[in-house]
Amino acid sequence: MVRAIVGANWGDEGKGKITDMLSEKSDIIIRFQGGSNAGHTIVNKYGKFALHLLPSGVFYDHTTSIIGNGVALNIPYLVKEIQSLVDRGVPKPHILVSDRAQIMMPYHVLFDEYEEERLGKKSFGSTKSGIAPFYSDKYAKIGFQVSELFDDEVLKEKTERICEMKNIIMQHMYHKDPIDPKELLNTLHEYRDMVAPYVCDTAHFLRDALAQGKNILLEGQLGTLKDPDFGIYPMVTSSSTLAAYGAIGAGIPPYEIKQITAVVKAYSSAVGAGEFVSEIFGDEADELRRRGGDGGEFGATTGRPRRMGWFDAVATRYGCMMQGATEVAFTVMDVLGYLKEIPVCVGYELDGKVIKDFPVTSKLKRCKPVYEVLPGWGYETRGIKKYEDLPENARKYIEFIEKEIGVPITMVSNGPGREDIIYR
Ligand code: GDP
């Protein structure tokens, strides 16, 4: 059985926590898109971790963690992240890397940085992990596949050919020193040795696992609104964040994905630039940011303060629809305990009319939030284990949102830890 755990918002919904929690009863956990720009914060018996490239299932001895073919694989980063877990007492995780994954090259990271510099105020707010240059090269067919590391002749010829091309941009567009193809080839040889122990034909491995009835989790990064097709283009990421892409980025048949758990946050937050209709500012935003998440809403990869807003039912309904959500895990519910009243964005006002369907970016820019204000419940809900034990107004808030988004909320997360969960 395959279950996808994906974001219905702008990311940072708490997918890491839900994945870590559900991994207990899973055999295989797969990252299928994105790269080390992800930031999943996980709190469990080993401590607090911010994972960037590894799937959030790495904390169990019985799980296999896979870096799927759809991922932007930063090899030194992978090795460092594995080591950092072992250094903190986590048993060495079982990791497989798809032989068809492509490699994040040092120049991708540089280009990402130089391009953001060049754009200045018009920058995308990239995490500068090389993601956009990486996926551009993959689809321009000038990327390096893991399998190519093991073919010396191909590797040498390709390195020289690609340096020639990259150096034109490096020198003439960014006025930086050229890449030395010999040095790059050496780096790739080092990458080969680092990744060799993990490389696997993961598509065949997964076919066998499916035949044996294993439980598989697909772990998404970011959320629907950052999807290159269905998100707030162009302020999106460069690989699809949708559950459907899990089939491609992991190499499994689409019909095997039986359950799609959309992770939805009890309020809104976003990192980077882009449209955000229910965004709030000033003291109101500062307070929510300070109280939010686990110790404040700051990016796990960049440390940047996240932009804050009220729950957006228009964006989330659309977010769930595009994911094909079969259920919702509703997170960071506990954070809202301090509010006397909680606005929920239930529509957008566009050119004098109220709309309910999430529009394209050019229209989204002109949208103003329409709020309905619900009463707060006024106290901390952490530690509560049963849905019936939640304060009445908290249940009303959840049920109001469930009705708005039209997908059953089957789990309510009321704290960052594995055990802070209410099943309905
Ligand atoms: P992800 O990228 O979707 O995995 O989300 P992040 O890890 O970037 O951000 C979610 C943040 O919220 C992390 O700091 C989590 O530890 C924290 N978190 C997750 N679920 C809950 C919850 O129910 N309550 C609280 N207070 N924090 C949570």
Side-chain angles (χ1 to χ4, degrees), residues 4-23 29 31 33-44 46-59 127 129 217-226 237 241 243 261-272 287-308 311 316 319 323 328-339 379-385 387 390 394 397-398 409-423:
I5 299 165
V6 286
N9 306 124
W10 294 261
D12 309 322
E13 298 94 348
K15 297 175 293 293
K17 179 229 157 115
I18 301 293
T19 306
D20 172 59
M21 197 185 84
L22 295 176
S23 294
I29 301 94
R31 276 283 309 271
Q33 43 93 215
S36 62
N37 58 331
H40 299 299
T41 311
I42 292 149
V43 184
N44 57 30
Y46 299 105
K48 181 171 175 174
F49 297 85
L51 290 182
H52 300 286
L53 189 56
L54 289 171
S56 304
V58 286
F59 297 97
T127 60
S129 313
L217 295 182
L218 295 169
E219 182 184 21
Q221 179 224 2
L222 292 166
T224 307
L225 304 175
K226 293 283 187 182
T237 193
T241 57
T261 307
V263 185
V264 166
K265 203 163 169 157
Y267 52 88
S268 302
S269 73
V271 276
E287 174 143 43
L288 186 55
R289 184 178 302 111
R290 202 175 59 244
R291 291 172 177 269
D294 178 31
E297 289 282 0
F298 299 92
T301 303
T302 56
R304 289 183 292 190
R306 289 177 182 154
R307 296 163 65 197
M308 307 304 296
F311 185 86
T316 307
Q323 291 291 5
V328 160
F330 195 62
T331 59
V332 291
M333 177 67 200
D334 49 306
V335 165
L336 299 180
Y338 74 98
L339 290 158
Y379 65 91
E380 177 69 62
T381 55
R382 245 189 235 190
I384 294 177
K385 300 280 175 211
Y387 188 70
L390 283 173
Y397 183 76
I398 295 167
I409 295 177
T410 56
M411 289 173 260
V412 177
S413 172
N414 59 341
R418 262 180 197 170
E419 63 296 338
D420 300 321
I421 194 81
I422 300 170
Y423 291 97

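Just so you know, ligand 1 is whichever comes first in the structure, and atom 1 is the first atom listed for that ligand. Each residue takes its place number in the sequence, starting with 1.
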Exercise for the section: Decide yes or no on side chain to side chain contact (heavy atoms under 4.5 Å, CB included) for L339 and Y397, but give the supporting numbers first. Expected result: CA-CA 12 Å; L339 290 158; Y397 183 76; over 6 Å; no

Handout entry: V412 and I421: CA distance, side-chain angles, deciding distance, side chain to side chain contact (heavy atoms under 4.5 Å, CB included) verdict
Key = CA-CA 6 Å; V412 177; I421 194 81; over 6 Å; no

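- In this structure, atom 24 (N) of ligand 1 lies nearest to the protein heavy atom D334 OD1, 2.8 Å.
- Separation of atoms CZ (F311) and OG (S268) is listed at 7.0 Å; rounding is to 0.5 Å.
- E13 and T331 are not linked by any side-chain donor-acceptor pair at a separation below 3.5 angstrom, with hydrogens and angles left out of the test.
- The single protein non-hydrogen atom nearest to atom 18 (N) of ligand 1 is V332 CG1, 3.8 Å, given as residue, atom name and distance.
- Considering only non-hydrogen protein atoms, atom 23 (O) of ligand 1 sits nearest to S413 OG, 2.5 Å.
- Under a 4.0 angstrom heavy-atom cut-off, D420 registers as lying outside contact with ligand 1.
- Here the protein heavy atom with the shortest distance to atom 17 (C) of ligand 1 is D294 N, 3.9 Å.
- At a 3.5 angstrom cut-off on N or O pairs, K265 does not count as close to ligand 1.
- Those atoms of ligand 1 with a heavy atom of V335 less than 4.0 angstrom away are 26 (N).
- Checked by distance only, ligand 1 and M333 stay at 3.5 Å or farther apart across all their nitrogen or oxygen atoms.
- Atoms CG and CG, on L217 and L22 in that order, are 6.0 Å from each other to the nearest 0.5 Å.
- Polar contact with ligand 1: present for H40 (N/O pair, distance under 3.5 Å).
- The residue among S56, G293, G39, G223 with a heavy atom at the shortest distance from atom 12 (O) of ligand 1 is G293.
- No donor-acceptor pair under 3.5 Å is formed between the side chain of R31 and the backbone N or O of G220.
- Note: no N/O pair closer than 3.5 Å links G11 and ligand 1 by distance alone.
- Assignment of G415 to the shell around ligand 1 is supported, since a heavy atom sits closer than 4.0 Å.
- No side-chain donor from either of N414 and E380 sits under 3.5 Å from a side-chain acceptor of the other.
- For Y338 and Y379, the distance between ring centers is not under 6.0 angstrom.
- The closest heavy-atom contact to atom 7 (O) of ligand 1, among the options T19, I18, T41, comes from T41.
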Exercise for the section: Could you please spell out the steps behind the side chain to side chain contact (heavy atoms under 4.5 Å, CB included) verdict for V263 and V328? Expected result: CA-CA 6 Å; V263 185; V328 160; over 6 Å; no

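- For ligand 1, the polar-atom distance check against D12 finds a nitrogen or oxygen pair separated by under 3.5 Å.
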Practice task
Determine, stepwise, if the pair K48 / T41 fulfils side chain to side chain contact (heavy atoms under 4.5 Å, CB included).
Solution key: CA-CA 7 Å; K48 181 171 175 174; T41 311; 3.6 Å; yes

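- For ligand 1 and K17, the ligand atoms under 4.0 Å from any heavy atom of the residue are 20 (N).
- Residue contacts with ligand 1 include R306, since one of its heavy atoms falls under 4.0 Å from the ligand.
- Between D12 and K265 no salt bridge is recorded (no basic side-chain N to carboxylate O distance below 4.0 Å).
- Counting heavy atoms closer than 4.0 Å to ligand 1, residue R382 contributes side-chain atoms (C-beta onward) but none from N, CA, C or O.
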